[in-house]
Number of protein chains: 2
Amino acid sequence: MQTTKRPTFANFKKKALQNEEVRKEYNALKPLFAIKKQLVAARIAKGLTQDEIAKKIGTSKSNISRLESLNNTYMPNLATLMKYAEALGMRLDIGLR
Amino acid sequence: MQTTKRPTFANFKKKALQNEEVRKEYNALKPLFAIKKQLVAARIAKGLTQDEIAKKIGTSKSNISRLESLNNTYMPNLATLMKYAEALGMRLDIGLR
DNA sequence: ACAAAGGTTATCAAATATGATAACATATCC
DNA sequence: GGATATGTTATCATATTTGATAACCTTTGT
């Protein structure tokens, strides 16, 4: 007995639509993910832990984990990002293109 | 009768201290002011009004005025900045240096 | 095996940013 | 002068982010 569903055009279109929405959503969030990845990369490059960053900023490592995580889409404000950058001994660079 | 106060070292130090704090504060807010100035410049360059940006985003011109203003230090979150950038037909570029 | 280090997730309180609205000010146009 | 366009400021409600804490998980070191 075959239990495998046969692909149909409707299925294909639905999947394509979902992919399009997913892509659109992902594109919309690119700046967020970009800065998160940069923060994590810089922290690791400098051999710092989340806890050390947290201490420099005056917060908790769990809050740093939340900030760094790609598993949520909280939108950090500039103060938060600026503080993290400063804790890295760096500056936040923000512009338009 | 002389009514002019004579400068003293204490006065000088106090003024220098204030300037130092002001400068420090200003430096800390540089990224904020930088992106504000860029948003305004881009909007004007594209010949758009605050109201037009507001309509594209789905907010009010007064909120755009507040966002653009150098007279306050509200720290916009990334979503807000991303929306403005998109209304300009541009992308927000954020990184570390 | 156990402890410590490093990180993740959830929850709720507190703080802050944005939404919504109105009044006001200035500049421009007819 | 009056109407319109553009921008500013204030106020309060609402939404969102951050603060604070705890429990949990994984990795590392001894």
Side-chain angles (χ1 to χ4, degrees), chain A residues 25-26 28-92 94-96, chain B residues 25-26 28-92 94-96:
Chain A
E25 180 104 1
Y26 179 78
L29 296 177
K30 259 193 174 173
L32 172 66
F33 292 146
I35 185 62
K36 288 193 173 204
K37 287 173 185 171
Q38 286 178 74
L39 289 174
V40 173
R43 175 172 67 79
I44 290 171
K46 289 173 181 288
L48 297 170
T49 64
Q50 291 182 340
D51 200 27
E52 282 166 328
I53 296 286
K55 284 187 167 75
K56 287 174 186 285
I57 294 181
T59 186
S60 64
K61 69 179 178 183
S62 53
N63 289 334
I64 298 299
S65 180
R66 179 174 61 195
L67 177 59
E68 288 181 356
S69 175
L70 299 177
N71 293 334
N72 69 56
T73 54
Y74 299 126
M75 293 291 178
N77 65 43
L78 277 197
T80 303
L81 294 171
M82 281 152 65
K83 277 189 288 186
Y84 193 131
E86 197 173 330
L88 290 169
M90 300 176 87
R91 302 294 308 261
L92 193 67
I94 183 163
L96 296 167
Chain B
E25 180 105 2
Y26 180 78
L29 298 178
K30 259 193 174 171
L32 172 67
F33 292 146
I35 186 61
K36 286 191 175 204
K37 286 173 185 171
Q38 286 178 75
L39 290 175
V40 174
R43 175 171 66 78
I44 290 171
K46 289 173 183 290
L48 297 171
T49 63
Q50 290 182 340
D51 200 26
E52 283 167 326
I53 296 286
K55 284 187 168 72
K56 286 173 186 287
I57 294 180
T59 185
S60 65
K61 70 179 177 180
S62 55
N63 289 334
I64 298 299
S65 179
R66 179 175 61 193
L67 176 60
E68 288 181 356
S69 174
L70 299 178
N71 292 335
N72 68 55
T73 53
Y74 300 124
M75 291 291 180
N77 66 40
L78 277 196
T80 304
L81 294 172
M82 280 152 67
K83 276 190 286 186
Y84 194 130
E86 197 174 332
L88 290 169
M90 299 174 90
R91 303 293 308 260
L92 193 68
I94 181 164
L96 295 168

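Order of the sequence lines fixes the chain letters, A, B, ..., with proteins taken first and strands second; residue numbering starts at 1 for each chain. Since we're looking at a predicted model, the values are computed, not measured.
Looking only at distances, a side-chain donor or acceptor of B:Gln38 sits under 3.5 Å from a matching main-chain atom of A:Ile94.
What separates CZ of A:Arg66 from P of C:dT8 is a distance of 13 Å, to the nearest Å. Between A:Met75 atom CE and C:dT18 atom C1' there is a gap of 14 Å when expressed in whole angstrom units. The interatomic distance linking A:Ile64 (CD1) with C:dA5 (C1') rounds to 17 Å, in whole Å. Atoms CE (B:Met82) and P (C:dT18) sit 13 Å apart, rounded to a whole Å. Atom pair A:Tyr74:OH and C:dT18:C1' shows a separation of 18 Å (rounding to whole Å applied). The nearest whole Å value for the distance from the CG atom in A:Asn63 to the P atom in C:dC12 is 16 Å.
Nearer to the 5' terminus of DNA chain C, by closest-nucleotide assignment, is the contact made by B:Pro76 (compared with the other of B:Ser60 and B:Pro76). The residue among B:Asn71 and A:Asn77 whose nearest nucleotide of DNA chain D is located toward the 5' end is B:Asn71.
The nearest pair of heavy atoms linking A:Leu29 to B:Met82 is CA-CE, 4.1 Å. Taking all atoms of both residues into account, the shortest heavy-atom contact from A:Ser60 to A:Ala54 is C-CB, 3.5 Å. The nearest pair of heavy atoms linking A:Lys56 to A:Ala87 is CD-O, 3.3 Å. Here the closest heavy-atom approach between residue B:Lys30 and residue A:Arg91 is recorded as CB-NH2, 3.7 Å.
Non-hydrogen atoms lying under 4.0 Å from DNA chain D are contributed by nothing in residues 38-58 of chain A.
Distance CG/A:Asn72 to CZ/A:Arg66: 8.0 Å, rounded to 0.5 Å. To the nearest 0.5 Å, the span separating NZ on A:Lys46 from CD on A:Glu52 amounts to 12.5 Å.
At a threshold of 4.0 angstrom between heavy atoms, the contacts of A:Thr80 are confined to the sugar-phosphate backbone, with no base atom among them.
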*I would like to know whether A:Leu78 and B:Ile35 meet side chain to side chain contact (heavy atoms under 4.5 Å, CB included); could you show each step before the answer?*
CA-CA 10 Å; A:Leu78 277 197; B:Ile35 186 61; 4.0 Å; yes

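Considering A:Val40, A:Asn63, A:Ile53 as possible partners of A:Glu68, the one that fulfils the side-chain contact (heavy atoms from CB on, under 4.5 Å) test is A:Val40.
Scanning DNA chain D 5' to 3' for nucleotides with an atom closer than 4.0 angstrom to a non-hydrogen atom of chain A gives a first and last hit of D:dT17 to D:dA22.
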